[in-house]
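One-based numbering along the sequence shown.
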Amino acid sequence: MGATGRGGRLVEGWGRLVGEFGQARQDAVRVLTADLPGADEQELIFRTRCAAGMPNWLALAPIGAELAAMPTEEVERQLTPVAAGAFHGYPAVDP
């Protein structure tokens with residue numbers, strides 16, 4: 001849910017999607033606020049961006065080839081709990 005690459009620079013060609021990413025982020029924050037009433041907006045944005053980045057990272061990482069060879073149901077079974085964990089109702093742990 002972000003269109004920036006390393007260093008916060010806009011990824012080439014993604015400028016047209018900035019509004020859509022922003023809307024998706026707002027929608028996710030609105031929904032997550034109900035599950036995490038004590039979390040501030042920055043924490044919810046962070047969780048959303050992390051969860052959105054996980055599939056991209058997995059696809060590009062060496063494990064991506066392994067996942068591509070699995071049946072869809074197996075990939076869903078393994079990855080759904082991982083993504084759901086990013087959105088679970090636990091508040092951040094204070095240092």
Side-chain angles (χ1 to χ4, degrees):
M1 292 197 195
T4 55
R6 253 189 313 198
R9 294 183 305 271
L10 194 62
V11 175
E12 187 176 335
W14 285 41
R16 62 187 167 76
L17 300 174
V18 169
E20 291 181 39
F21 286 129
Q23 183 62 48
R25 188 176 301 118
Q26 286 176 347
D27 292 345
V29 168
R30 182 178 36 78
V31 171
L32 290 173
T33 298
D35 291 331
L36 297 161
D40 65 21
E41 184 175 356
Q42 288 304 106
E43 178 183 346
L44 298 178
I45 290 171
F46 175 78
R47 288 180 184 221
T48 301
R49 293 180 79 187
C50 285
M54 283 189 285
N56 184 53
W57 178 82
L58 289 169
L60 297 174
I63 195 173
E66 184 179 327
L67 291 171
M70 290 181 181
T72 301
E73 295 80 15
E74 179 68 12
V75 173
E76 289 174 356
R77 186 188 69 72
Q78 290 191 21
L79 295 184
T80 298
V82 174
F87 294 128
H88 196 276
Y90 293 120
V93 176
D94 290 328

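Note: the hydrophobic cluster containing Phe46 does not contain Val29 (ILVMFWY, side chain heavy atoms under 4.5 Å, direct or indirect links). Hydrophobic cluster membership is shared by Val75 and Trp57, with clusters built from Ile, Leu, Val, Met, Phe, Trp and Tyr side chains linked at under 4.5 angstrom.
By the side-chain contact (heavy atoms from CB on, under 4.5 Å) test, Pro81 pairs with no residue at all, sequence neighbours left out. Among residues two or more places apart in sequence or in another chain, the salt bridge (Lys or Arg N to Asp or Glu O under 4.0 Å) test is passed with Glu76 by none. In this structure Leu32 satisfies the side-chain contact (heavy atoms from CB on, under 4.5 Å) test together with Leu44, Thr48, Phe87, sequence neighbours excluded. For the side-chain hydrogen bond (donor to acceptor under 3.5 Å, both in side chains) test, residues two or more places apart in sequence or in another chain that qualify with Glu74 are Arg77, Gln78. Scored by the salt bridge (Lys or Arg N to Asp or Glu O under 4.0 Å) test, Asp27 finds Arg30 as partners (sequence neighbours excluded).
Judged as a salt bridge (charged side-chain N to carboxylate O under 4.0 Å, His left out), not a single pair has a partner in residues 58-73 (not counting sequence neighbours).
Taking CZ from Arg47 and CG from Leu36, the interatomic distance works out to 5.0 Å, rounded to the nearest 0.5 Å.
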